Amino acid sequence: MLTLKDIKPGQSAVVESVKVTGQARGRFMAMGIMKGAKLKVVKVAPLGDPIEVLVKSYNLSFRKTEAEQIVVTLG
């Protein structure tokens with residue numbers, strides 16, 4: 001199982017599922033993080049937290065713990 005945390009800068013991925021529930025899930029969906037969404041990892045901080053991601057035409061940053069909850073496939 002590959003998560004957003006495992007994607008290297010410059011690689012693209014497609015969201016397979018989001019494991020978070022409740023209010024956090026709603027926040028992710030509002031940001032466009034849902035099944036089928038295409039992401040591109042722009043950069044990762046030296047210690048791996050945060051991770052900057054390009055979604056549609058805007059950039060988002062995720063903490064490593066949040067990125068571990070987003071299951072993706074390369075693509």
Side-chain angles (χ1 to χ4, degrees):
M1 181 173 70
L2 196 63
T3 66
L4 180 59
K5 179 187 71 106
D6 304 315
I7 305 300
K8 305 289 183 223
Q11 289 184 317
S12 296
V14 177
V15 176
E16 289 295 317
S17 66
V18 179
K19 293 181 175 181
V20 294
T21 59
Q23 202 171 31
R25 186 176 184 87
R27 185 170 57 92
F28 276 33
M29 290 183 75
M31 293 188 296
I33 307 299
M34 58 187 75
K35 186 175 181 175
K38 295 180 182 177
L39 312 170
K40 182 176 182 180
V41 174
V42 177
K43 55 186 163 182
V44 178
L47 297 177
D49 192 16
I51 300 168
E52 184 176 340
V53 177
L54 178 66
V55 182
K56 298 181 183 174
S57 61
Y58 52 92
N59 290 6
L60 297 173
S61 292
F62 292 98
R63 296 208 171 269
K64 191 185 317 183
T65 55
E66 294 172 326
E68 291 172 339
Q69 304 301 311
I70 301 171
V71 179
V72 299
T73 56
L74 288 175

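Computed from a prediction, not measured in an experiment: that's the story for all the values here. When reading the values below, keep in mind they use all heavy atoms of this one structure, side chains included, and skip hydrogens, waters and symmetry mates.
Looking at heavy atoms from C-beta onward, I7 lies in side-chain contact with L74 at the 4.5 angstrom threshold.
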Review item, side-chain donor-acceptor pairs of residues 57-66, under 3.5 Å, at least two apart:
| unit_1 | atom_1 | unit_2 | atom_2 | d |
| --- | --- | --- | --- | --- |
| Y58 | OH | M31 | O | 2.4 |
| N59 | ND2 | E52 | OE2 | 2.6 |
| E66 | OE1 | R63 | N | 3.0 |
| E66 | OE2 | R27 | NH2 | 2.9 |

Quiz: residues 33-42 side-chain donor-acceptor pairs under 3.5 angstrom, not counting sequence neighbours:
none

May I have the list of side-chain donor-acceptor pairs in residues 17-26 shorter than 3.5 Å, sequence neighbours left out?
| unit_1 | atom_1 | unit_2 | atom_2 | d |
| --- | --- | --- | --- | --- |
| R25 | NH1 | V18 | O | 2.6 |
| R25 | NH1 | V20 | O | 3.3 |

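Looking at residues two or more places apart in sequence or on another chain, you find no side-chain hydrogen bond (donor to acceptor under 3.5 Å, both in side chains) involving Q11.
Contact between P9 and V44 at its shortest, heavy atoms only, is CG-CG2, 3.9 Å. Listed here is the closest heavy atom pair of T3 and A67: CB-O, 3.7 Å.
Hydrophobic clustering (ILVMFWY, side-chain heavy atoms < 4.5 Å, transitive): M29 and L4 are in distinct clusters.
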